[in-house]
2 protein chains.
Amino acid sequence: MAVVPKPEAPSPPGPTFVPLYQQVRDILVHRIASGAWRPGSPLPSEPRLAAELNVSLGTVRKALDELVSGRLVVRQQGRGTFVAEQTPDSALFHFFRVVDAAGERVIPTHRELHRACGPATEEEVARLALAPGSEVLRLRRLRAAGGRTALLEHISIATALVPGLADHEGALPNTLYDLYQQQFGLTIRRASETLRAAAADPETADLLGLDAGTPVLQIDRVAYGFEDQPIEWRVSLLDTRHFAYANEIE
Amino acid sequence: MAVVPKPEAPSPPGPTFVPLYQQVRDILVHRIASGAWRPGSPLPSEPRLAAELNVSLGTVRKALDELVSGRLVVRQQGRGTFVAEQTPDSALFHFFRVVDAAGERVIPTHRELHRACGPATEEEVARLALAPGSEVLRLRRLRAAGGRTALLEHISIATALVPGLADHEGALPNTLYDLYQQQFGLTIRRASETLRAAAADPETADLLGLDAGTPVLQIDRVAYGFEDQPIEWRVSLLDTRHFAYANEIE
DNA sequence: GGCTCCAAGTCATCTATAAGACATATGATA
DNA sequence: TATCATATGTCTTATAGATGACTTGGAGCC
């Protein structure tokens, strides 16, 4: 392994010391991010990795510990360590924070209203860090839960990232994030949201079954991938007469 | 140490096996929660703890690792390990998620409008798990940032938890959570929030400098302590014309 | 065929040891 | 007295080895 500072040959006492286990972690992250190990597939066993990278088992385990807490891999005692896989459930659980009036988490349905490609607007260029004039795929969906319309989603994603999705036949899945991962190798690692209260414009109000001007919760979210590159921009408008946005601060 | 399953005497093969490091962690948590070690004070050194608890250094370290990730303690290389201390900055950074129009985090000022005690309302009883008829202290504050009024806070906390606070002379600090910890031994460990869009009622609108009926973001938060007991209930109304609520989903 | 049991492979836990990095206190020296 | 080198105590990193827990697959048996 090209890891530099073996304890026998300590690192240059200069300002650059990177612990072995972090170097190992970065190597593993890179292999996952580059797609060398696909989601769901097993990593080599810990002893094998230790031998390959020429470090001790404990060091590999410490590196893997960090990947686990970053939700990049999943360990299963007796089976092995696997690249984390986005599932509809996990994606919903993690990113969909809508609860009903009773405060219970909600499992939404969805209905596609609109799908089309077009040149990116100025705002899309900014949010998604696109080159001006890039083409984006836009999606509009209406989500309901418990028989009641809950929210309206406006989704934008660079067409180049999801080739063929624009012409996809039939319904798209309820959660797009696992589709991105499985079909296009795009793993959503984190999301940045900005929430505001806004008055529903007539069209939104109509779709949500509200009077125009009713306050709705506007959730503006950019989802980022492995290299922290923006992947998808989504603005959701939530009817907070019957639903709410729940957030846990640990 | 009373820790049960030393590796030489493995645990009963029944369904109850608790790893040593978790037992150690629980012991340490209890000592901190009970106030035996106060915020800011140093824990015994790792070797000392290992000797006292009759486990290896690695096991103590693994237990401490969990306390660190739970933000109960802070480690400082060369100095020691200390019980985490709520500071105004850390509390603001962690719990105050308001950003300005440019998306920059905001450092708010505050002005107290109202402070009084009274019997708990039905809603306060429910949110704070109080006995009916308990007395609560209510606080109303107006926060501003960048010279602009940002949000109105309604705070409720059981009077019994903060004896004397009702008659506190002079201004209360900008962040109450560190006051709770330092004055009353109440450490806020997590908070549960529910967000909705609502139309500003006339009084709120007046205080925030809005027209009545303007949509505002209503942030309903219950803050919990060590034993996961509710400590404080707070409803904040945010003017999202000039500010927003920022949330990062990792 | 279906079942049990065992063995191998894997992660999980625990111990022991050593040396590096960092902060602070101590004491010698000028 | 002031400063600097040293010593000490702390967390940090890294290694090695042993044992336990869990899963899987296959051999052997009925």
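Proteins get letters first, then strands, A, B, ... in listed order; numbering begins at 1 in each.
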TODO: Select one nucleotide: of C/dT10, C/dC11, D/dT15, the one nearest the side-chain heavy atoms of A/Arg48.
DONE: C/dT10
Task: Minimum-distance nucleotide (side-chain atoms of B/Ser45 versus D/dT13, D/dT10, C/dT13) - done: D/dT10
Task: Whole-Å distance separating the CZ atom of A/Phe17 from the C1' atom of C/dA21 - done: 8 Å
Open item on the list: Tell me which residues in residues 73-84 of chain A lie within less than 4.0 Å of DNA chain C, going by non-hydrogen atoms.
Closed with: A/Arg75, A/Gln76, A/Gln77, A/Gly78, A/Arg79, A/Gly80, A/Thr81
- [ ] Would you mind reading off the distance between B/Tyr21 atom OH and D/dT19 atom C1', rounded to a whole angstrom?
- [x] 16 Å
Open item on the list: Here's a test for you: under side chain to side chain contact (heavy atoms under 4.5 Å, CB included), which of A/Leu49, A/Leu43, A/Leu28 qualifies with A/Thr81?
Closed with: A/Leu43
- [ ] May I have the distance from B/Asn54 (atom CG) to C/dT15 (atom C1'), rounded to whole angstrom?
- [x] 12 Å
TODO: May I have the step-by-step check of salt bridge (charged side-chain N to carboxylate O under 4.0 Å, His left out) for A/Arg127 and A/Asp220, ending in yes or no?
DONE: CA-CA 10 Å; A/Arg127 298 308 183 92; A/Asp220 184 307; 2.5 Å; yes
Task: Candidates C/dC11, C/dT10, D/dT13 - which lies nearest the side chain of A/Pro47 - done: C/dC11
Task: Any donor-acceptor pair under 3.5 Å from B/Thr175 side chain to B/Asp178 backbone - done: no
TODO: Kindly say whether A/Val18 contributes a backbone atom to a donor-acceptor pair with the side chain of A/Gln23 at under 3.5 angstrom?
DONE: yes
Open item on the list: Taking the minimum atom-to-atom distance to the side chain of B/Glu46, which one of C/dA12, C/dT15, D/dC11 wins?
Closed with: D/dC11
Open item on the list: Does any part of the side chain of B/Leu142, heavy atoms only, come nearer than 4.5 Å to the side chain of B/Leu151, both counted from C-beta?
Closed with: no
Open item on the list: Can you tell whether the side chains of B/Arg190 and A/Glu250 come within less than 4.0 Å, N to carboxylate O?
Closed with: no
Open item on the list: So, OP1 or OP2 of C/dT13: does either fall under 4.0 Å of a side-chain N or O from B/Thr59?
Closed with: no
- [ ] Kindly say if B/Lys62 contacts the phosphate of C/dC14, meaning a side-chain N or O under 4.0 Å from OP1 or OP2.
- [x] no
- [ ] Mind calculating the distance between CZ (A/Arg61) and C1' (C/dT15) to the nearest angstrom?
- [x] 14 Å
TODO: Round to a whole Å and report the spacing from CD of A/Glu66 to P of D/dA14.
DONE: 11 Å
Open item on the list: Can you measure A/Leu57 atom CG to C/dA16 atom C1' for me and round it to whole angstrom units?
Closed with: 16 Å
- [ ] State whether the side chain of B/Arg31 and the backbone N or O of B/Asp26 hold a donor-acceptor pair below 3.5 Å, judged by distance alone.
- [x] no
Task: End axis versus end axis in the helix from C/dG1-D/dC30 to C/dA30-D/dT1, the angle rounded to 10°, five pairs used at each terminus - done: 10°
- [ ] Would you indicate which nucleotide in C/dT15, D/dC11, D/dA14 comes nearest to any side-chain atom of B/Val55?
- [x] C/dT15
Task: Spacing of B/Arg25 atom CZ relative to C/dT13 atom C1', expressed in whole Å - done: 14 Å
TODO: Provide, to the nearest angstrom, the distance between the CG atom belonging to A/Asp65 and the C1' atom belonging to C/dC14.
DONE: 15 Å
Task: Pi-cation contact, B/Phe243 with B/Arg143 (under 6.0 Å, within 45°) - done: no
Open item on the list: Checking the side chain of A/Gln229 only, and the main-chain atoms of A/Glu227 only, is there a donor and an acceptor separated by less than 3.5 Å?
Closed with: yes
Open item on the list: Between A/His30 (side chain only) and A/Arg25 (backbone N and O only), is there a donor and an acceptor less than 3.5 Å apart?
Closed with: no
